[in-house]
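If you're wondering where the values come from, they're calculated on a predicted model, not measured in any experiment. Throughout, protein chains are lettered first and strands after them, A, B, ... in sequence-line order, and every chain is numbered starting at 1.
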Amino acid sequence: MSSLCKHGRNKEAREVFDSMSAKGQKPDVISYSILLHAYANEGMMDDAMLIFKEMTHKEVKPNVVTYSTVIAVFCRMGQLDCAMNIFSQMINHGIPPNEAVYHCLIQAFCCQGDLVKGKELISEMIDKGMRPNNVFFGSIIKGLCRKGRAMDAQDIFDFIIRIGLHPNVIMFSSLIHGYCLVSKMDEAMKILHAMKSAGLQPNVVVYGTLVNGYCKTGRIDNALSLFHEMSLKGVKPTNLVYKVILGELLLAGRVVVAKEKFNEMVGSGILVSAATYNTFLSGLCTNDCSEEAIMLFKKTHAGNVKIDIRTLDIMIAEMFKTRRTEEAKDLFASISVIGLIPSVETYHIMMTYLIKEGMLDDADTVFSTMQKTGCPLNSRLLNYVVRVLLERGEIVRAGNYLSKIDEKNFTVEASSIELLISFFSKETCRKRVELLPASISFLWKLATIDTSHVSLYPPETLVLFVMNHDGYATVSS
DNA sequence: ATAGGGTTAG
């Protein structure tokens, strides 16, 4: 039964359980507890409670594990009063609660109830001779911090120091993270100092948390100085810390420093993830350093720098933007050679730029390749393609992609409709409306009626056309 | 069989 439950096969476990009863065997406390726990784990709280009730009927005495599981069930459902009832019940039945039971309750009271009651229970368990450890408190502090309750986490933190425990690096970093989450960077820094005073050496997670916190609050120079302090202390920044700081530097337009940091990272020999590399490359591009990005990309293929499909997306787009159409096409062609798979985004970039370059047949070829490879089509791509085609006056091709939208039951986005309307409002283009697929061509009349928010078309079929505020057009009759 | 630590994710 135990192994069945472990593999999520609760139904079979239940069958084993039932067959035991059928054979006249009386399931023991452990069997009941296993089943109870399995149900609780799957969120089937009602079934779990039925098992618990069944035990009392069959006169199987719940033990500490059974109670603990039931208490956990109530705590998870946020029914703390019920949890406390079970807690009293077990004490009345002469079963002393253990650490697991206290942990459940304390965690629940601290994170979703009364902090004072939580602390009361902590004192109670200490009085009973149990020594809650750092792991135990760590999860409570994390739970509070996750909810943005850094001050309450601090309260518990101070409390455990008062009762003579020594928080470790992990607990300090949890609390620091808690303050970072609510943008209280000064408080977070106080904790860093407290940590140093306690004789603990901040590690890369602590520094990384703070660097990230400073970045997210726009205090990039503070982030940089911590970054510096970290290196001085011999704490090696990880790829992720670099990613955070590079992203932020480039967002702030600090290209020179970003380049320094990038070179430093590559030079240090750590593995540079594709995500970090992409952050750097796209940051360069948004800071008008496309040429540099392209040069870098061409030389950094090997070594400790990883690439992924997103890297190629960025570079293909950049090559188009810098009029390197052939190189863009070559790069696209090389994707499968490198062993990567183009994403919808890749196809999106290829098609829209090819159309903008007037290479319409190439764009169609890319589209059919996409269909052949089974890459899932999305509405955004089709709408985008329709718009760039319309902008070039390519009605027939736009019509083809509009039919695809229809076929797939996607929505024609409001901006696509707007473009259709403004295109066909031009006297010279009006007649070309018949080049559109029938399902779409009705739109041209809209242009002559009303292009604002609500229009009625055509009067004889009463079709209501509404431009939603979320940017989608809906047509209903 | 019960509770059960940390930072950044296009």
Side-chain angles (χ1 to χ4, degrees), chain A residues 1-6 13 28-41 51 62-73 75-76 90 95 97-108 125 130 132-146 153 157 167-181 188 191 195 200 202-216 223 226 230 235 237-248 251 273-283 286 308-311 313-314 343 345:
Chain A
M1 253 181 79
S2 158
S3 85
L4 282 173
C5 288
K6 262 186 203 148
D28 60 358
V29 180
I30 295 175
S31 308
Y32 269 111
S33 300
I34 293 171
L35 203 61
L36 177 55
H37 182 244
Y39 280 128
N41 248 359
I51 300 291
N63 63 18
V64 66
V65 177
T66 329
Y67 277 116
S68 166
T69 309
V70 174
I71 287 171
V73 167
C75 286
R76 226 182 296 168
M90 72 184 289
I95 294 165
N98 62 9
E99 273 138 0
V101 173
Y102 272 108
H103 189 187
C104 261
L105 287 168
I106 292 167
Q107 169 102 319
M125 75 181 286
M130 286 172 246
N133 58 20
N134 280 336
V135 178
F136 178 96
F137 284 121
S139 76
I140 293 166
I141 287 175
K142 191 194 168 192
L144 286 166
C145 288
R146 200 169 36 202
F157 193 82
N168 59 13
V169 179
I170 295 178
M171 291 183 66
F172 272 103
S173 78
S174 294
L175 187 57
I176 288 173
H177 179 231
Y179 278 121
C180 290
L181 275 180
I191 305 303
M195 175 177 181
L200 293 170
N203 61 13
V204 67
V205 176
V206 174
Y207 279 117
T209 305
L210 285 161
V211 165
N212 184 55
Y214 272 133
C215 284
K216 293 288 174 292
L226 268 181
M230 175 156 98
V235 179
T238 58
N239 161 63
L240 279 164
V241 182
Y242 274 112
K243 180 181 184 301
V244 169
I245 205 132
L246 283 174
E248 207 54 34
L251 197 66
S273 74
T276 305
Y277 189 38
N278 295 345
T279 300
F280 185 62
L281 283 179
S282 62
T286 52
D308 64 7
I309 188 62
R310 173 98 181 101
T311 320
D313 291 348
I314 296 166
S343 68
E345 190 56 28

Item to check | Separation of atom CZ in F137(A) from atom C1' in dA3(B), rounded to whole Å | outcome: 13 Å

Checklist entry - Looking only at side-chain N and O atoms, does H177(A) come under 4.0 Å of OP1 or OP2 in dT8(B)? => result yes

Checklist entry - How is V101(A) classified with respect to the nucleic acid when contacts are heavy atoms under 4.0 Å: base, sugar-phosphate, or nothing? => result nothing

Next on the checklist: Does I34(A) reach a base, just sugar-phosphate, or nothing at all? Heavy atoms under 4.0 Å.
Outcome noted: sugar-phosphate

Next on the checklist: Checking V70(A) against M90(A) for the side chain to side chain contact (heavy atoms under 4.5 Å, CB included) test, could you report, in this order, the C-alpha distance in whole Å, the side-chain angles of both residues, the deciding distance, and whether it holds?
Outcome noted: CA-CA 11 Å; V70(A) 174; M90(A) 72 184 289; over 6 Å; no

Item to check | Ring-ring centroid check F172(A) F157(A), cutoff 6.0 Å | outcome: yes

Checklist entry - Of the nucleotides dT8(B), dA3(B), dA1(B), which has the atom closest to the V65(A) side chain? => result dA1(B)

Next on the checklist: Please classify the nucleic acid contact of V211(A) as base, sugar-phosphate, or nothing, using heavy-atom distances under 4.0 Å.
Outcome noted: nothing

Checklist entry - Looking across every strand, which nucleic acid part, if any, lies under 4.0 Å from A72(A) by heavy atom: base, sugar-phosphate, or nothing? => result nothing

Next on the checklist: For N203(A) and V206(A): C-alpha separation, side-chain torsions, deciding distance, then whether side chain to side chain contact (heavy atoms under 4.5 Å, CB included) applies.
Outcome noted: CA-CA 5 Å; N203(A) 61 13; V206(A) 174; 3.4 Å; yes

Checklist entry - V211(A) and I245(A): which non-hydrogen atoms are nearest, and at how many Å? => result CG1-CD1, 3.9 Å

Next on the checklist: Rounded to whole Å, please give me the gap between CG in L36(A) and P in dA3(B).
Outcome noted: 11 Å

Checklist entry - Which is true for S174(A) with a 4.0 Å heavy-atom rule: it touches a base, it touches only sugar-phosphate, or it touches nothing? => result sugar-phosphate

Item to check | Whole-Å gap separating C1' (dT2(B)) and CE (M130(A)) | outcome: 14 Å

Next on the checklist: If the cut-off is 4.0 Å, is H37(A) near the phosphate of dT2(B), judged by side-chain N/O to OP1 or OP2?
Outcome noted: yes

Checklist entry - Think K243(A) has a side-chain N or O under 4.0 angstrom from the OP1 or OP2 of dT8(B)? => result no

Next on the checklist: Between C1' on dT8(B) and CG on L251(A), what's the gap in Å once rounded to a whole number?
Outcome noted: 15 Å

Next on the checklist: Rounding to an integer number of Å, can you tell me how far L181(A) CG sits from dG5(B) P?
Outcome noted: 17 Å

Checklist outcome for this item: Atom CD of E99(A) and atom P of dA1(B) are separated, to the nearest Å, by 18 Å

Next on the checklist: Keeping N278(A) on the side-chain end and L281(A) on the backbone end, is there a donor-acceptor pair under 3.5 Å?
Outcome noted: no

Item to check | Atom-pair distance (OH on Y179(A); P on dG6(B)), nearest Å | outcome: 19 Å

